[in-house]
*Asks:* 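First the structure, which I've put down as structure tokens, then a few questions once you've had a look.
Naming: A, B, ... by sequence-line order, numbering from 1 per chain. Atom set for the values below is all heavy atoms of this structure, side chains included, hydrogens, waters and symmetry mates excluded.
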Amino acid sequence: MSVRTAIVRRAIDVSALLSEVGDTANGATVIFLGHVREMNDGRTVSGIEYSAYGEMAERELAAIASECAAHFGVAHLVAEHRLGALELGDVSIAIAVAHPHRAEAYEASRFVIEEVKRRLPIWKREGYVDGTSDWVNAAGIAHEQRAEERQ
Amino acid sequence: MSVRTAIVRRAIDVSALLSEVGDTANGATVIFLGHVREMNDGRTVSGIEYSAYGEMAERELAAIASECAAHFGVAHLVAEHRLGALELGDVSIAIAVAHPHRAEAYEASRFVIEEVKRRLPIWKREGYVDGTSDWVNAAGIAHEQRAEERQ
Amino acid sequence: MTVTALLFASYAEALGSDRLELTLAGNTTVRDVVDRLRAMPGGSSLPAAPLVAVNQTYANADQRVVSGDEVAIIPPVAGG
Amino acid sequence: MTVTALLFASYAEALGSDRLELTLAGNTTVRDVVDRLRAMPGGSSLPAAPLVAVNQTYANADQRVVSGDEVAIIPPVAGG
């Protein structure tokens, strides 16, 4: 079994991730890619600046991957999240999971992205073609709920 | 929206599929890869020969993709299934789905592989390291059930 | 009337052929084609009610077949 | 005692800093650190009960903080 995670400031090489999880023991590989999307909430996006609480993000991503590997028994898991200025279509996150069976490969992949969205301390400032920009608060409601649970 | 499916007799180029579904309108891409696995039911596999009812397999795969696109509203879907003699680790099927949202991307991807397993007229003869070989009947029970439903 | 029976994988091995031209009486169904194949040498390895496609579309056992139809007997599929 | 408060994204913009050294009395909790930050210029944009991590682990509002702790106020996350 191999598990590797990284917070990176360079382009994510999807083919390299694929090679990394590939071996002859597994029947199924599921790859999830998140991209910078042109439209968000009706506004035309020109790019996104990703920032993070770097050290904690590295720890949390590693923790998510460990939990996933333990829970689903994945054979190989590689996850990279990119920071910095991303352009339209750029890959912001890539998750590659290999498993002997497909059901677990899908579930493990989904687990990682959902936990990333829930708890990875990363923020994005979306730039729009009209020259404005805004912090994206996609997880705002979940965030308030989590904060309240902790009171 | 673009949908393309193919039954091929050459290696599947996963990077090419990725480029094909990539654009700036979609936030999520899910790729499923099926591989030739070294162990199956406790026997050590040396390779698999895939054969098909070729024309019908092409029609069914195209039908599955159309149903998927209509049901999940996927933006881009490319699926290729390989035939012929495959070695350990070779990709037998690749399914790439791009969607504005990740939940639908996962569900659409899963839909395609489950329907492929259920109804694509493709067979595999597994070769083992001991020199023997056998037709694989992984979907045997489902098959008997489907046949009975049709009586 | 004549229909073309297609056989694949283990079924083709059992009957020693992947394509047979069958001459049948009129008023024929998928079930009749299967019964004919099962009566041939090696045909007993076919299940009584296999999955069948007529002209590349899955069909019920009581579906009518007409002259020129392509009737494929589909072993348990194993794609993916 | 002294703790380091870390601020990110919109919270860092609101307080005009991404890192503040705070001197606090003993017997201090996460909630006390948040209250101190909210009393500072621009601090009113912080929610009364934001998500907080102490030394890079998510923490409850009543968790004790000790001298040298790194207390991060976490805006709504938006990774992926």
*Asks:* What part of A:S109 gets within 4.5 angstrom of chain B, counting heavy atoms only: side chain, backbone, both, or neither?
*Replies:*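 Contact with chain B is through both the backbone and side chain of A:S109.
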*Asks:* Begin with the C-alpha distance, continue with both residues' side-chain angles, and end with the deciding distance and a verdict on side-chain contact (heavy atoms from CB on, under 4.5 Å) for A:V30 and B:V30.
*Replies:* CA-CA 7 Å; A:V30 172; B:V30 172; 4.2 Å; yes
*Asks:* Using heavy-atom distances under 4.5 Å, tell me whether B:I93 contacts chain A through its side chain, its backbone, both, or neither.
*Replies:*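 Neither; nothing under 4.5 Å.
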*Asks:* Which of parallel (below 30°), tilted (30 to 60°) and perpendicular (above 60°) describes A:Y106 and B:Y106?
*Replies:*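 A:Y106 vs B:Y106 ring planes: perpendicular.
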*Asks:* Please examine the side chains of B:L18 and A:L33, heavy atoms only from C-beta on, and report whether any two atoms are closer than 4.5 Å.
*Replies:*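 With C-beta onward as the side chain, the pair touches.
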*Asks:* What residue, out of B:G27, B:G22, B:S92, has the most heavy-atom pairs lying under 4.5 Å from chain A?
*Replies:*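 Answer, by heavy-atom pair count under 4.5 Å with chain A: B:G27.
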*Asks:* Would you check, one step at a time, whether the test side-chain contact (heavy atoms from CB on, under 4.5 Å) holds for A:H35 with B:N26?
*Replies:* CA-CA 7 Å; A:H35 302 270; B:N26 298 292; 5.6 Å; no
*Asks:* Please check if the number of heavy atoms outside A:E67 that lie under 6.0 Å from its CD is greater than 12.
*Replies:*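 Count over threshold, so yes.
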*Asks:* Name the region of B:H101, side chain, backbone, both or neither, that has any atom closer than 4.5 Å to a heavy atom of chain A.
*Replies:*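 Side chain of B:H101 only, per the 4.5 Å heavy-atom cut-off to chain A.
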*Asks:* Should the heavy atoms of other residues, nucleotides or ligands under 6.0 Å from CD of A:E114 be counted, would the total exceed 12?
*Replies:*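 Result for CD/A:E114: enclosed.
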*Asks:* Kindly check if the number of other-residue, nucleotide or ligand heavy atoms within 6.0 Å of CG (B:D130) is above 12?
*Replies:*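 More than 12 within 6.0 Å, yes.
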*Asks:* Where does A:A103 contact chain B at under 4.5 Å (heavy atoms): side chain, backbone, both or neither?
*Replies:*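 Both backbone and side chain.
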*Asks:* If I measure from the heavy atoms of chain A, does B:V14 come under 4.5 Å with its side chain, its backbone, both, or neither?
*Replies:*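 Interface part for B:V14: side chain.
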*Asks:* Can you tell me how far apart NZ (A:K117) and CZ (B:R102) are? Round to the nearest 0.5 Å.
*Replies:*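 Here the rounded value is 5.0 Å.
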